[in-house]
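First the structure, in the form of structure tokens, and then the observations on it.
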Amino acid sequence: MKQEIKHILSITDLTAKEIWLIFRLAKKLKQELKSKGSNKPFLKGKSLVLIFEKQSLRTRISFEIGMAQFGGNTLYLDPRDTGIGVRESEADIARVLSGMADIIAARTYSHQTIVDIAQNSTIPVINALSDLEHPCQALTDLFTVWEVKKYQDLSGLTVGYVGDGDNNVAHSLCLGAAMLGMNFKCGSPKGYSLNSEIVKKAQEYNANILQTEDPKEAVSGADVVVTDTWISMGDTDKEGRIKTFKDYQVNASLMGYAKKDAIFMHCLPAYRGKEVTAEVIDGPQSVVFQEAENRLHVQKALILWLLKKSH
Ligand code: CP
Ligand code: NVA
């Protein structure tokens, strides 16, 4: 029987049903790890290769520790090791890895690089962040909301995102929220709104998406307030961006427009005093470290589900 190879380049490579399946598995794995101190070695003898063009803390360690907890192995390749597209083509790298490893996670500047790797890979490829999307982050963010809301249905809840809309985290979160029936409002300065193709794709899920230049409108009545760095990896004109985004800081006054029990989320790394004040990110509404830890549990569920599917 032909194996079904599934790649996760966009969060929309999953269906809403599959997202819920992964969430339930992540919940189970997390509970098992917390209560028993370990999970079963489901992935003994399996290897994950991380091909990273950019820096990382959470994504790298959650994949590495996750594989180790399942009894598997991880190999981390930075750009000096592989020279993606320079020393060797994306296609040849993908073909070589397909012969030796079981799964690939790639973090690249251009989204097209991951598409090229996936097109030539016979093992599953996960987008570990590209300039367009960060699906692992969005899955974790939505899982964390579900956890905080005591596993209630997420549909009808509102995410208010403030800052750079033309951003990988915002894009995947907008799509993921739309898939789960949530409303998504994005408050960004002119020229930094959500990518129009992403909005179009999100609207195919009959979602309520609002793009505004007013950060107050974006967070007003929100259940979840989210922001990200004003300067993503690869962005230039740092000083110009700081000036452009200065009125888009998530501070206590802006949080006051959200629901009383709203939570604050940030993928990290965060820049206190820029996109968020210390008062908010280190305050009682912030769930950023629960969110960071959940990268481990959700990616473990994703890997397990993907590998089960392709074997
Ligand atoms: N949030 C996130 O992806 O963090 P890293 O860039 O450290 O992996
Ligand atoms: N938007 C940020 C996310 C970092 C996890 C970046 O791409 O640098």
Side-chain angles (χ1 to χ4, degrees), residues 8-11 26 48-67 74 76-79 104-114 126-145 159 161-176 184 186-189 192-195 198 224-238 241-242 244-245 248-250 264-272 274-276 281 286-300 302-303:
I8 309 296
L9 309 192
S10 163
I11 191 165
L48 162 74
V49 176
L50 300 170
I51 317 178
F52 277 36
E53 287 185 335
K54 297 172 176 169
Q55 292 175 308
S56 171
L57 175 70
R58 281 143 292 271
T59 310
R60 178 179 174 181
I61 62 165
S62 50
F63 275 123
E64 293 206 12
I65 293 175
M67 278 304 278
T74 314
Y76 176 81
L77 303 175
D78 80 12
I104 297 170
R107 168 168 285 202
T108 62
Y109 284 98
S110 160
H111 188 74
Q112 189 56 43
T113 305
I114 304 186
I126 300 174
N127 177 357
L129 179 150
S130 68
D131 58 356
L132 187 67
E133 275 207 53
H134 197 358
C136 296
Q137 184 68 52
L139 282 174
T140 299
D141 292 356
L142 295 167
F143 174 82
T144 306
V145 177
V159 178
Y161 177 94
V162 177
D164 185 9
D166 189 12
N167 161 296
N168 39 24
V169 169
H171 289 162
S172 293
L173 193 55
C174 171
L175 291 167
F184 190 87
C186 180
S188 326
Y192 295 89
S193 11
L194 297 160
N195 174 310
I198 296 279
V224 184
V225 176
V226 188
T227 189
D228 187 15
T229 177
W230 292 340
I231 307 160
S232 283
M233 292 179 277
D235 282 341
T236 51
D237 186 22
K238 297 184 180 168
R241 291 179 75 95
I242 289 170
T244 305
F245 287 105
Y248 292 81
Q249 180 186 69
V250 178
F264 171 76
M265 302 184 86
H266 190 308
C267 65
L268 305 177
Y271 301 92
R272 288 166 175 80
K274 298 280 193 306
E275 74 272 12
V276 61
I281 197 167
S286 173
V287 297
V288 298
F289 295 108
Q290 180 178 348
E291 178 186 2
E293 181 196 318
N294 281 338
R295 295 291 304 277
L296 172 70
H297 310 297
V298 173
Q299 278 154 230
K300 279 168 71 181
L302 178 65
I303 295 173

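Please read these numbers as outputs of a predicted model, since none were measured by experiment. Both counts, for ligands and for their atoms, begin at 1 and track the order of listing.
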Quick check: do [X] and [Y] have side-chain heavy atoms less than 4.5 Å from each other?
X    : Y    : answer
I126 : Q299 : no
N127 : T108 : no
R107 : Q55  : no

Should we say atom NZ of K274 is surrounded by more than 12 heavy atoms from elsewhere, each under 6.0 Å from it?
-> no
Heavy-atom nearest option to atom 4 (C) of ligand 2, drawn from D235, T229, L129 = L129
Candidates S232, S56, C136; heavy atom nearest atom 2 (C) of ligand 2 found on S232
Residue among L194, N167, D164 satisfying side chain to side chain contact (heavy atoms under 4.5 Å, CB included) with C186 | L194
Please say which of V225, D228, V145 ends up in a side chain to side chain contact (heavy atoms under 4.5 Å, CB included) with M265.
-> V145
Please determine, by modelled atom types, if E275 and T227 share a side-chain donor-acceptor pair under 3.5 angstrom.
-> no
Would you check if there is a donor-acceptor pair between the side chains of T74 and E64 at a distance under 3.5 Å?
-> no
Tell me the residues surrounding ligand 1, counting only those with a heavy atom closer than 4.0 angstrom, sorted by chain and number.
-> S56, L57, R58, T59, R107, H134, Q137, C267, L268, R295
Which residue and heavy atom of the protein sit nearest atom 8 (O) of ligand 2, plus the separation | M233 N, 2.8 Å
Look at atom 3 (C) of ligand 2 and say which protein heavy atom is nearest, naming residue and atom and giving the distance to 0.1 Å.
-> D228 OD2, 3.6 Å
For the ring pair Y192 and Y248, is the centre-to-centre distance below 6.0 Å?
-> no
Below 4.0 angstrom from a heavy atom of N167, which ligand 2 atoms are there? Numbered from 1 as shown, please.
-> 1 (N)
How are the rings of F52 and Y76 set relative to one another: parallel (under 30°), tilted (30 to 60°) or perpendicular (over 60°)?
-> perpendicular
V169, any N or O under 3.5 Å of ligand 2 N or O | no
For N168, is at least one N or O under 3.5 Å away from an N or O on ligand 2?
-> yes
Heavy-atom distances under 4.0 Å are what count here, so tell me which part of L268 touches ligand 2: side chain, backbone, both or neither.
-> backbone
